[in-house]
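Everything numeric in this text was worked out from a predicted model, so none of it was measured.
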Amino acid sequence: MVYVYHSVREPKHKPRGAASRTVSGDMPTMGFLSFLFGEGGTNNKPQDPYWQRDPSLKFYRLLAIKPDRLKLGGRGGVFALYHKGVRPGWVYVGATRDLGDAVERMKDHPEVSAMDARGGLFMTWAFIKDDKRDGVVAYLRHHLKPEVDDPDLDREMGCNPQNAKHIPVLLPG
């Protein structure tokens, strides 16, 4: 699956080194991940992975997420869980090939779901290509310092960020 960044207008003066391709000569498009990580994946500037939010621009409440309604089944990406309350913080950051399954696993995970009582448990995600996910997770875990570290859960979801090269992205929030 290719994600495409659509631009209505091309800037009159493109920044030096800006990568874009045109389709039928006038509508510039570029692969989403090329846009996100630069051509060849060598861009070290944090890129915006477009963290998903609900219609009121807040993170989704985990226990209220209906994966079918959001069409998350079978779609891969990186996700982050956050709890509010007296001492808000990041709970878990992971990656998966199926975000719908990840939502259900997080709802059923005892350590994670217990944090809902601390002011609510919220989730955001970004659709990231499989070969970039572990690097994005490694970067996010380094910067967000989530409370839950569960190598078994990582393994079950196909997430292996331990030795991955960090891929900088804008932090959710």
Side-chain angles (χ1 to χ4, degrees), residues 1-7 17-23 27-54 59-62 65-82 90-109 111-113 121-173:
M1 179 172 278
V2 176
Y3 299 97
V4 178
Y5 170 75
H6 294 282
S7 174
S20 68
R21 294 181 292 276
T22 59
V23 176
M27 173 75 95
T29 62
M30 72 178 61
F32 178 73
L33 289 167
S34 294
F35 172 73
L36 184 60
F37 299 113
E39 293 294 324
T42 59
N43 188 353
N44 288 328
K45 181 180 176 191
Q47 300 297 310
D48 187 352
Y50 302 103
W51 295 107
Q52 300 298 300
R53 294 175 181 267
D54 68 15
F59 292 149
Y60 287 89
R61 183 131 195 182
L62 178 65
I65 294 175
K66 301 204 180 330
D68 294 341
R69 194 173 284 165
L70 296 171
K71 298 183 173 116
L72 295 177
R75 298 183 72 188
V78 171
F79 64 94
L81 295 170
Y82 179 83
W90 294 99
V91 176
Y92 180 80
V93 175
T96 182
R97 289 185 185 95
D98 187 336
L99 286 163
D101 182 55
V103 168
E104 297 306 327
R105 284 177 186 256
M106 294 299 104
K107 287 179 180 179
D108 293 338
H109 192 283
E111 190 177 359
V112 170
S113 60
L121 193 56
F122 299 85
M123 182 174 177
T124 186
W125 60 88
F127 302 109
I128 305 289
K129 200 172 177 181
D130 188 34
D131 63 335
K132 306 288 186 191
R133 290 180 197 147
D134 288 341
V136 171
V137 169
Y139 180 83
L140 291 173
R141 286 183 179 177
H142 176 77
H143 290 280
L144 299 178
K145 309 212 182 321
E147 296 177 37
V148 174
D149 180 21
D150 189 339
D152 292 332
L153 182 61
D154 287 348
R155 221 174 357 268
E156 289 171 17
M157 288 198 285
C159 180
N160 187 19
Q162 288 75 17
N163 298 318
K165 181 180 176 196
H166 291 203
I167 297 176
V169 295
L170 293 179
L171 302 177

*asked:* The test is side chain to side chain contact (heavy atoms under 4.5 Å, CB included); show your working for Asn160 and Asp154 and say whether it passes.
replied: CA-CA 7 Å; Asn160 187 19; Asp154 287 348; over 6 Å; no
On a heavy-atom basis, the closest approach of Ala80 and Pro172 is CB-CG, 4.4 Å
- Can Thr124 and Tyr82 be said to form a side chain to side chain contact (heavy atoms under 4.5 Å, CB included), step by step? CA-CA 8 Å; Thr124 186; Tyr82 179 83; over 6 Å; no
When rounded to the nearest 0.5 Å, the distance separating CE of Met157 from CZ of Arg133 is 11.5 Å
>> Donor-acceptor pair, distance only, cut-off 3.5 Å: does the side chain of Arg75 make one with the backbone of Phe127?
In response: no
Output for pair (Lys145 NZ, Leu140 CG), nearest 0.5 Å, gives 11.5 Å
Sorted by chain and number, sequence neighbours left out, ring-ring contact (aromatic ring centres under 6.0 Å, His included) with Tyr139 holds for His143
Checklist line | Step-by-step side chain to side chain contact (heavy atoms under 4.5 Å, CB included) determination, Met106 to Leu153 | finding: CA-CA 10 Å; Met106 294 299 104; Leu153 182 61; 3.1 Å; yes
Interatomic distance, CD@Glu104 vs NE2@His109, rounded to 0.5 Å, equals 14.5 Å
- Side chain Gln47, main chain Lys45, donor-acceptor under 3.5 Å: yes
inquiry  = Would Leu72 and Trp125 count as a side chain to side chain contact (heavy atoms under 4.5 Å, CB included) here? Give the steps.
reply    = CA-CA 10 Å; Leu72 295 177; Trp125 60 88; 3.5 Å; yes
What's the verdict on salt bridge (Lys or Arg N to Asp or Glu O under 4.0 Å) for Arg105 and Asp150, showing C-alpha distance, side-chain angles and the deciding distance?
CA-CA 12 Å; Arg105 284 177 186 256; Asp150 189 339; over 6 Å; no
- Between Phe59 and Trp51, ring centroids under 6.0 Å: no
Output for pair (Met123 CE, Asp54 CG), nearest 0.5 Å, gives 13.5 Å
On a heavy-atom basis, the closest approach of Pro161 and Ala138 is O-CB, 3.6 Å
OH of Tyr60 to CD of Gln52, rounded to nearest 0.5 Å, is 6.5 Å
Of Leu121, Leu62, Val112, the one forming a side-chain contact (heavy atoms from CB on, under 4.5 Å) with Lys107 is Leu62
When rounded to the nearest 0.5 Å, the distance separating CD of Gln162 from CG of Asp134 is 8.0 Å
Practice prompt. Anything under 30° is parallel, anything over 60° is perpendicular, the rest tilted; go ahead and classify Phe79 against Tyr92.
Written response: tilted
Across all chains, not counting sequence neighbours, the salt bridge (charged side-chain N to carboxylate O under 4.0 Å, His left out) partners of Asp98 are none
Minimal heavy-atom distance between Pro49 and Ala126, with the atoms involved, is O-CB, 3.4 Å
The salt bridge (charged side-chain N to carboxylate O under 4.0 Å, His left out) partners of Asp152 (sequence neighbours excluded) come to Arg155
